[in-house]
Q: 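Starting off with a structure, shown below.
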Amino acid sequence: SRRGRRPFVSPPAAPPRALLVFPHRSDRPTTENALSLAGFTVRATDDLTTLDALLDSFEPEVVVIDTREAHPSAEPFVETIKRRPDVYSIVVGADSREQRLSALERGNDDVVSSEVTPEEIALRCRSMVMRARRHRAVEEVSTSKNLVFGPLSIDTGRREIKVNGHLIAATRLEYDLFARLCETPFEVTSRAALIESVWGPNWYGDTHVVDVHLSNLRRKLRHRASDVQFMHTVRGVGFRLSDDMFANRRLRPLAARSA
């Protein structure tokens, strides 16, 4: 009978996983504790050479790598994280604006100064992971689309960007920013709107982080179609898709992905 049945309750989501790579830093234990208090399952190492193995075995959702004492020897390991587009990366130790922009240009998702507190690191990690989980939840109940703009196609179900049929190795943030831009293809999307959509309303920092991530993506797109302009920067306002995307009026948002 129905009376004896218990209502179905979805199993709780697994705790997010964070990997700390803090060589020779006394604040590693306090950062590990702050992440644990924020709900993370944490692994920490002071050995940069174990990074590849930990990425495979622990499968973190976010990696925090401290370059304060390891730079520039940490550079190859930052490149290792970049090759994992499903993993967010936060680099600690960029103290000038030039250092921060340089680190973002290399494909890192977030960069903080040497004076960052463990609590701020934990909050930034949690913001990134929770945003990604919300996006996945929305995508699971949404009808996936295949948006086509000239040589460019975006599969929102698979979270894939292709140019002339070639898959673009976009990071999570690059995809999220560009997909938001494509939601209103004929309009300018402000930096503030992009930041709120991708980082959330409580994000704070240099708004030009948007420019850096979209610039990185622009280079990847033009590698497959060097004669095509994909995005146009509207100075002082934001971004929109370029006129090249509509030259042949091939805009075809499809309600569902075909087989």
Side-chain angles (χ1 to χ4, degrees), residues 18-32 34-35 44-52 54-55 60-85 87-129 131 169-178 191-192 194-195 198-200 202-220 231 233 235-236 238-239:
L19 173 61
L20 291 181
V21 186
F22 271 40
H24 313 300
R25 294 298 301 190
S26 60
D27 53 358
R28 186 173 68 246
T30 57
T31 304
E32 187 173 359
L35 282 162
T45 181
D46 59 4
D47 185 357
L48 286 166
T49 63
T50 65
L51 180 56
D52 245 336
L54 285 168
L55 288 171
E61 293 172 72
V62 60
V63 176
V64 183
I65 183 166
D66 186 345
T67 63
R68 285 175 284 192
E69 292 183 359
H71 186 80
S73 62
E75 286 302 307
F77 303 100
V78 172
E79 291 298 314
T80 296
I81 300 171
K82 266 178 57 179
R83 293 194 294 270
R84 311 277 183 132
V87 178
Y88 285 117
S89 61
I90 299 179
V91 171
V92 179
D95 295 321
S96 68
R97 186 172 186 272
E98 290 72 22
Q99 288 176 326
R100 290 193 295 273
L101 292 178
S102 174
L104 290 168
E105 285 170 352
R106 293 197 302 272
N108 294 293
D109 297 303
D110 197 5
V111 186
V112 292
S113 73
S114 299
E115 302 305 316
V116 67
T117 65
E119 292 75 20
E120 182 179 338
I121 290 175
L123 286 172
R124 286 177 178 267
C125 288
R126 186 165 182 82
S127 176
M128 282 186 172
V129 171
R131 182 186 69 245
T171 66
R172 282 185 178 185
L173 286 178
E174 289 167 359
Y175 174 87
D176 289 340
L177 286 166
F178 196 58
R191 286 183 180 85
L194 288 168
I195 285 174
V198 174
W199 280 272
N202 298 318
W203 186 87
Y204 59 94
D206 192 335
T207 60
H208 283 82
V209 66
V210 173
D211 301 61
V212 176
H213 285 298
L214 287 180
S215 177
N216 288 341
L217 179 60
R218 184 185 281 120
R219 284 195 294 270
K220 296 175 184 179
M231 288 173 273
T233 303
R235 183 169 297 180
F239 302 86

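This chain uses plain numbering: 1 for the first residue, then up along the sequence. Just so it is clear, the values below take in all heavy atoms, side chains as well, and ignore hydrogens, waters and symmetry mates.
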Q: To the nearest 0.5 Å, what is the distance between CG on L35 and OG1 on T31?
A: 7.0 Å
Q: Begin with the C-alpha distance, continue with both residues' side-chain angles, and end with the deciding distance and a verdict on side-chain contact (heavy atoms from CB on, under 4.5 Å) for L54 and T45.
A: CA-CA 9 Å; L54 285 168; T45 181; 3.7 Å; yes
Q: Under a 3.5 Å distance rule, please check whether N108 uses its side chain to pair with a backbone N or O of A103 as donor and acceptor.
A: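 Looks like yes, one N/O pair under 3.5 Å.
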Q: Using atom types as modelled and distance alone, determine if a side-chain donor or acceptor of Q99 lies under 3.5 Å from a backbone N or O of D95.
A: yes
Q: Kindly say whether R235 contributes a backbone atom to a donor-acceptor pair with the side chain of T233 at under 3.5 angstrom?
A: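 No, the answer is negative, given that no donor and acceptor are paired below the 3.5 Å cut-off.
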Q: Do any N or O atoms from the side chain of E174 and from the backbone of T171 form a donor-acceptor pair under 3.5 angstrom?
A: yes
Q: Please find the pair of heavy atoms, one from A122 and one from A34, that lie closest to each other, and give the distance.
A: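 That closest heavy-atom pairing would be CB-O, 3.7 Å.
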Q: Is a side-chain donor or acceptor of N216 paired with a backbone partner of L104 at a separation under 3.5 angstrom?
A: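 At least one qualifying donor-acceptor pair exists.
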Q: Looking only at atom types and distance, does a side-chain atom of R100 sit under 3.5 Å from a main-chain N or O of V111, one as donor and one as acceptor?
A: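 Absent.
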Q: Can you check whether I90's main-chain N or O pairs, donor with acceptor, with D110's side chain at less than 3.5 Å?
A: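 Answer holds: no.
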Q: Under the criterion salt bridge (Lys or Arg N to Asp or Glu O under 4.0 Å), I'd like the reasoning laid out for D211 against R191: C-alpha separation, chi angles, the key distance, then a yes or no.
A: CA-CA 8 Å; D211 301 61; R191 286 183 180 85; 2.8 Å; yes
Q: Is the backbone N or O of T117 less than 3.5 Å from a side-chain atom of E120, with the two atoms forming a donor-acceptor pair by type?
A: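 Side chain of E120 to backbone of T117, a donor-acceptor pair under 3.5 Å: no, none is there.
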Q: Taking D109 for its side chain and S89 for its backbone only, find out whether a donor-acceptor pair lies under 3.5 Å.
A: yes
